[in-house]
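Report on one structure; see the data block that follows.
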Amino acid sequence: MNRLARASLLLIAALPVLPVLPAMAQHAGHGDHAAHSAADPIGAAIAAPTRTPAYVARDRYRHPAETLAFFGVTPTQTVLEYMPAGGWYTEILAPLLKDKGTFYAAQAAGAGFDRLKAKLDADAATYGKTR
């Protein structure tokens with residue numbers, strides 16, 4: 001698979017299943033998790049202390065707040081993440097959607113699936129019921 005195809009799959013991974021809504025206002029990056037929670041749920045999910053430090057370091061290159069705002073992702077939607085691999089977006093999307101939305105992770109069977117499932121199952125308080 002070439003680089004363009006892989007980049008396209010990563011972009012598609014964040015697409016909500018529901019129709020894309022108008023872009024939301026820009027979200028703040030990292031900061032105080034509690035301060036972000038109610039006013040900025042995406043910012044709170046990005047700033048969560050439960051995220052893998054190596055993934056947090058990649059945020060500055062991947063711009064998760066801007067990407068999710070562009071796609072109009074809200075905490076009440078149903079979102080399908082296609083091939084989440086290690087779960088960079090999963091660590092943001094699953095907590096964001098756990099209370100009012102639905103999160104699906106479509107991962108091929110194998111070692112990657114087993115690792116991701118174990119990670120999600122080990123912390124249901126953070127990730128909720130991922131399908």
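Basis for what follows: all heavy atoms, side chains included, without hydrogens, waters or symmetry-related copies.
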Notebook entry, point to check: Below 4.5 Å, heavy atoms only, C-beta onward: do Q107 and T90 meet side chain to side chain?
Noted result: no
Margin query: For residues F70 and I42: do they belong to one hydrophobic cluster (side chain heavy atoms under 4.5 Å, members Ile, Leu, Val, Met, Phe, Trp, Tyr)?
Written below: yes
Distance col, row T126:OG1 vs K98:NZ, nearest 0.5 angstrom, shows 6.0 Å
For I46 and A65, the nearest pair of non-hydrogen atoms, with its separation, is CD1-N, 3.4 Å
Checklist entry - Shared ILVMFWY cluster between F103 and F71, side chains joined below 4.5 angstrom? => result yes
Hydrophobic clusters here meaning ILVMFWY residues chained together by side-chain heavy-atom distances under 4.5 Å, can you tell me if Y127 and L68 are in one?
no
Closest non-hydrogen atoms of W88 and Y55, given as atom of the first, atom of the second and distance, are NE1-O, 2.9 Å
On a heavy-atom basis, the closest approach of Y89 and P64 is OH-CA, 4.4 Å
In terms of heavy-atom contacts, P84 and L116 come closest through CG-CD2, 3.3 Å
side-chain contact (heavy atoms from CB on, under 4.5 Å) filter on A106, not counting sequence neighbours, yields L80, Y82
Next item on the list: Evaluate whether atom CZ of R58 has more than 12 neighbouring non-hydrogen atoms of other residues, nucleotides or ligands under 6.0 angstrom away.
Entry: yes
CD of E91 to CG of L120, rounded to nearest 0.5 Å, is 9.0 Å
Count I, L, V, M, F, W, Y as connected when their side-chain heavy atoms are under 4.5 Å apart, and connections chain through other members. Are L93 and F113 then in the same cluster? no
In short, T67 meets R62 closest at the heavy-atom pair OG1-O, 3.5 Å
- From CA spacing to verdict: side chain to side chain contact (heavy atoms under 4.5 Å, CB included), R51, D59: CA-CA 11 Å; R51 292 191 58 218; D59 288 354; 2.6 Å; yes
